[in-house]
Amino acid sequence: MDFPTIIQILDSAIRLMTPLLLACLAGLYSERAGVFDIGLEGKMLMAAFTAASVAYLTGSAWLGLLAGIGGSLALSMIHGLASITFMGNQLISGVAINFLASGLTVLLGQKIFGLGGRTPSLQGNARFNEITLPFADSIRDVPFIGPVYADLISGHSILVYVAFICVPLTWWVLFRTRFGLRLRAVGENPASVDTAGVSVTRLRYAAVIICGVLCGIAGAYLATGLSAGFVKEMTAGRGFIALAALIFAKWRPWNALFATFLFGLLEAIANRYPNLELGPITIPSMFMNALPYILTVIILAGFVGRAIPPRAGGEPYVKER
Amino acid sequence: MDKMPKWADVILTPLISLILAMGISALVILAIGESPSEAMKTMVEGALGSSYGWGFTLYYTTNFVFTGLAVMVAYHAALFNIGGEGQAMMGGLGVALVCLALPWPHWGIALPAAMIGAALFGAAWALIPAWLQAKRGSHIVITTIMFNFIAAALLNYVLVNILRPVGSMDPASARFPEGTHLPKLSDMAAGLGIEWGKHTPVNITFLIAIIACFLVWLLIWRTRLGYEIRAFGKSEPGALYAGISPVRITVIAMLISGALAGLMAINNVMGEAERLVLNSVEGAGFIGIAVALMGRNHPFGVFLAALLFGFLYQGGGELALWTTIPRELIIVIQALVILFTGALDNMVRMPLERIFMALRRKEGA
Amino acid sequence: DPALIYDLGGKFDKSFNEAAFNGATRWVEETGGSYKELEMQSEAQREQALRRLAETGANPIVMTGFAFGDVLTKIAPDYPDTKFAIIDMVVEQPNVQSVVFAEEQGSYLAGIMAAMASETKTAGFIGGMDIPLIHKFECGFAQGFMATAPDGKVLINYTGTTPAAWNDPVKGGELAKAQKSQGADVIYAAAGGTGIGVLQAAADEGILSIGVDSNQNHLHPGKVLTSMVKRVDNAVFDAFTAGMDLEPGVKVMDLAAGGVDVAIDDSNQPLVNAEMLAAVEEAKAKIASGEIQVHDYMADNSCPAS
Amino acid sequence: MSSDAIDRKGQPDTAAPAAIELRGISKSFGPVQANRNISLRVPKGTIHGIIGENGAGKSTLMSILYGFYKPDSGEIRVNGTPITITDSQTAIRSGIGMVFQHFKLVQNFTVLENIILGAEDGPLLRPSLAKARGVLKQLAEEYQLNVDPDEMIEELSVGHQQRVEILKALYRQADILILDEPTGVLTPAEADHLFRILEGLRAEGKTIILITHKLREIMEITDNVSVMRRGEMVASVKTAETSPAELAELMVGRKVLLNVDKAPATPGDPILEVRDLKLVDDEGVERLRKISFDIRAGEILGIAGVSGNGQTQLLELLGGYPEKGSKVSGSVRMNGQELDLTGTKSDAATRRARGIGHIPEDRQVEGLIMDFTAWENTAFGYHRAPEYNKGLLMDNAAILADAEEKMEHFDVRPRNAQLAARNFSGGNQQKIVVAREIERDPDLLLIGQPTRGVDIGAIEFIHKRIVELRDAGKAVLLVSVELDEILALSDRIAVMFDGRIMGERIPDQTTTGELGLLMAGVTDTEHTPASAGIPPDHRHVETLPEEPA
Ligand SMILES: Nc1ncnc2c1ncn2[C@@H]1O[C@H](COP(=O)(O)OP(=O)(O)OP(=O)(O)O)[C@@H](O)[C@H]1O
Ligand SMILES: Nc1ncnc2c1ncn2[C@@H]1O[C@H](COP(=O)(O)OP(=O)(O)OP(=O)(O)O)[C@@H](O)[C@H]1O
Ligand SMILES: [Mg+2]
Ligand SMILES: [Mg+2]
């Protein structure tokens, strides 16, 4: 494997990991506050749809992004209503949200665009285009650093940089601010927050809203950054992979970066080597397609060990019955 | 001691929730410019209005009973098995291998053999996640998600490269021999001189599903193993104190769960398609999660929830087949039903409780 | 009235179901007739749908996709007065017309064009789900390419192993970028909705792409080299037009029959030079005469060109 | 309201200004009326005790005062002004602080983080933490409340966790401090220390409400005491004018025997012979250092010691479930036969089959499955026993019948076997566990903290049953941090310190002072003063007050 190939694979990994990273951080906020969320997939899908639709109708990717966030937030609020206000089962609510998004996106898409749930292709400013960082072209020829900067770091859509900035930001918010302290506390022991005179409900809603915003960005990136429009079911299970990454990361922001990078990398490698030829045997493409998943299991079992979720996770906070 | 009578909790609350879900569904149907009453009529008639509709409704119900029970058993051991999809896929492979291995003389012999194949393959697919969870602490949610993908890849490989008859375009196994064809309920009814559900896929597996519900109920609430599964699921330190081995329970519960998911293949692969196709599970593994949770992790509840989903599947299918309403509407209706009856049920229960409390107070005064 | 049944991918799959829909629409426009159409929800419905349509008197009943083969074999004898047409599969029944396409031939032509347009002499193929049918496309394409550029290379990727592989434009785009970085400058996508992502990424990256099934040249004018069109629409149109007189037996839609072709239109005019056209015409003639035998992957599950 | 109590109501210092005044507070949870028309007056600068049986409504009343629950009706006055306490924030602002019975701490936060939670000074943590660190240091000096501010809560002993709770209240400048059963989880030394702190707070003019089940503590420290029974306030009296016996009677509604009545032991053959038992936990810490002892038939061996000195490990090891990853050596003989300590037959089920019963230290985590019904819990651990099974299935009817009998026997209230364990009060939960283990007539009964958090009526009963078991010729190993309990029940007392047995004493021939020294690690020969009972490998080495001699 030569250097440019490595750069290319890493570049691809960065693109592939970005939606995972955003969704993973989204889940992190929610689950750190004690609200489990298996509806990441649905929220991303809804966001992808609303972002693509509005971007197409207005011609502005930024308005699309806003709409994506709005679409995802709407589902977040349903999740909040079910799991916080009405103390319902968070898993069921998540399952319902996935179904809802899967059906509504196509239904609305067909109603609006008549293309069987697709949106028309986006062009020009309706997409988040790749941005070139300053000096990228002038230092490209510097050995090593040049290609790393020009080809790997530069040349992604703005949302990629947003996602990466979200990692230290999340860390800072969680561990350096009052809000973060309370958020973590409410996921570990809501009674401690309640007896300290802080509203458990408000905190959990805040977390669920942040989760919605991040899923919204993830969905918008899928539809208006990575591709140019919405296709039904286009999230293709990424919400579940993000969930796996979150557990993998043991609910920590920096770990989330590494976990999602690992998933992105494995997929990029499998994309790059679809048919591994090992002497006389050719590994079939089905195996290479499954390889990221197999490796995940192996890494998980071999190196990661037990993951302990936030202690109050999944349970509605009830003080009187 | 309860805040409201039990009947109100188990019947009234879900009923009102269901009505709410249907109400919102009607709004959605209106919004896309169709007639809700027409849609409702098509659904109910298509799914429940004839022996034919029932034949399909019960067929889907059978699938969901198995995957629902699978999720449920694991859930009692505090294991969230999202891998029903993959386990059911592998169960299908087990069925196919058994059915194609021998020239079976009669279904009565083929069925038990195929059931063993289905259960064995499904259980085997749950074994590795279970073992990793028990021994290494690898989170079962991740591993079972991963094993769904791996199962799909494996099945794809086996069907395309091994089981596919030469020259066939279809990535599917050959047709199973005549001796493996399960009796349809319609045949059985015909045997009794009743014409019921002609050309419907519901077959003897439906009866097996009912038996499975009963057996799972026995297992969980009447056997030592079930007692231990429930105790372990509620408290691991408690289990240790009582001499219950966490490793053993984790592995056994997941094996049973995987076997139940695998058994679904008796219905769709052996009973309906009579061959193994790539997409035979069609998401039933995921529906099983909703079914188990909505059925409150009780076999009877699972059966009712499976029936509800069977109705939605068949009624929705009819809607999409015979009206201009897009098929995705059904998914939305399903989502709303899951949401209202499963997650927003307290929205209905809380006011109801208040009403009953007020009534009681008035009586008391 | 005739009827049309779409497979699980749905009417708007950007692929052959949609082509079938277009054929039916054209028939409606030209004849003013009406037809009935159904979309499958699940495997178990296939039989139900066929029987119900047959019982309500629809005739002929056209269905898209090999997955109907098994069921049709089973129920066709029950409705001897109804005519059926099945696309992409052979069903031997007296009242069934089996329409099969020579995708390898059309893909062969696409391969020739790709080889001539490619400067790097490297082309890419991106398939959807890894199933035999798609290998048929792949193999024809590779043969055409290698015949024209014997020292060249064809990179091959499949998107996945589940139905999600047909609807993952993100992964399609990523695969296209991966192939480009390995030198590919023409990429052929046979992947339904995923292909949209491939064509988009190719256009973004400034390389050429080749569409599939219906004419996709217009999606990115000047950037899609051609589309390997599979005239499912014609098959449906013909079947509807034939009505009760639908001819049973196998109908091979090959190059000669106009069943497959490469699309040349205004959108890709600038990309196609005379030399290329000549090479395509020559290959067509040779295939018709039997001088060139394009190997069908399905014949022995293997491909001489890879 | 009970008539004989009413005339004594409201006696304490009606003249002194009241810090807290409750009038007509009522609260029900669904159909359960937890508090019924309660009035209470707590004069400023006093320590006010509240006692009552399990489930009498004490915690509920205090939670209302702290704004955790909303009362259905009634009025609250703080320092004379009526206020509506809608949430804990209001209570905190009115100067009320509360240490809950079950601590409200975040286990994986540091002490400092727990202290500032909800009382931060601004949106950023750093300044708040810095300030809290300073204040904490000051408070620690002032009240002798030492805790390492950077330690994780889960690493702290319960005693220290409680200090954190008190510090939390003081940090919020509470004038009125409510402590709900603070000593239930403390060692005698820790309890003593706590009382000294409370006295210090009172001297500063702060008001304290103390809930406890221990009459000795009431007599020792409170100025006034109120008694609750079944949701009602039945009496309020000056402590100096009452006696333990009177209080006990007010609480339970009948006369209570406060001392254990037992005949001298008549020990027989050894039932349990422990030799050189050693246990190293998964972090490599030696928890049991070659312990040897015998217990004979018809004998109660009490193990005294500050918690954390290896008692838990000893009980769990004998019970058949040592902590995962620990290494065990030595030998244990039961009725003359070797017990498997490490192999496949070392699990809890095999131990039970060998005749070892076990009342665990933590009933809610180990002894019961809180979501199981009472009758299911009566079979817990014995669910494989032949009398509970019919062929492949469990014989639920038999278990239910057995459960009802046991509940009758042990007066478990409410007498409803279908109720989930979590719906019983702690004392009644404990009775279910005790009934299950004692009624099986084990040859050896392991007991950890038999009466923690249990009201005196129930304590009396549980003690009686333990003695009866001994008199029936069985062996009992009793671990308790309550020296009184150990002294009252044991025939012999072994003192554990840092994984060792420091010495053995006969109850009649020893004093709490002598035991206290042993518990602190001072052996017969050496007389160097040591910090009381904190094992050297424990992380929080600091000076605790010495055991009163
Ligand atoms: N959160 C709650 N939900 C429902 N009922 C409750 C709740 N808390 C308490 N109760 C009921 O109120 C009654 C009084 O409970 P409370 O906790 O005040 O008792 P207590 O006097 O503190 O008992 P203990 O000595 O065991 O601590 C109990 O019998 C219980 O049934
Ligand atoms: N959330 C709740 N729902 C129902 N009952 C409750 C709840 N919380 C407490 N109770 C009841 O309140 C009473 C007292 O509860 P509490 O938690 O104070 O137990 P406790 O007896 O003090 O326990 P311990 O002695 O172990 O400290 C019990 O009857 C208990 O069942
Ligand atoms: Mg209490
Ligand atoms: Mg208590």
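Note: hydrogens, waters and symmetry copies are ignored here, and every other heavy atom, side chains too, is used. We name chains A, B, ... by the order of the sequence lines, and we start the count at 1 in each one. Bear in mind that the values here come from a model prediction, so they are computed numbers and not experimental data.
Between the side chains of A/Asp37 and A/Gln90, no donor-acceptor pair is found at a separation under 3.5 Å.
For a residue to count as touching a neighbouring chain, one of its non-hydrogen atoms must lie under 4.5 Å from one of that chain's; by this rule D/Arg172 touches chain A with the side chain only. Only the side chain of A/Arg311 comes within less than 4.5 Å of a heavy atom in chain D; its backbone stays farther off. Only the side chain of D/Ile92 comes within contact range of chain A, with at least one heavy atom under 4.5 Å from a heavy atom of that chain. Contact annotation for D/Asn114: neither backbone nor side-chain heavy atoms come within less than 4.5 Å of a heavy atom of chain A.
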Please lay out, stage by stage, how D/Tyr66 and A/Thr195 fare under the test side chain to side chain donor-acceptor pair (under 3.5 Å). CA-CA 8 Å; D/Tyr66 189 63; A/Thr195 53; 5.3 Å; no

Checking ring-ring contact (aromatic ring centres under 6.0 Å, His included) for the pair A/Phe258/A/Phe248: CA distance, chi angles, key distance, verdict? CA-CA 9 Å; A/Phe258 295 124; A/Phe248 213 160; over 10 Å; no

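With respect to the salt-bridge test (charged N to carboxylate O, under 4.0 angstrom), the residues D/Asp150 and D/Arg133 qualify.
Of the residues considered (A/Ala191, A/Gly180, A/Ala312, A/Pro190), A/Ala191 shows the highest number of contacts with chain D, using heavy-atom pairs under 4.5 Å.
When each of D/His102, D/Arg422, D/Gln429 is checked for a side-chain hydrogen bond (donor to acceptor under 3.5 Å, both in side chains) with D/Gln364, only D/Gln429 meets the rule.
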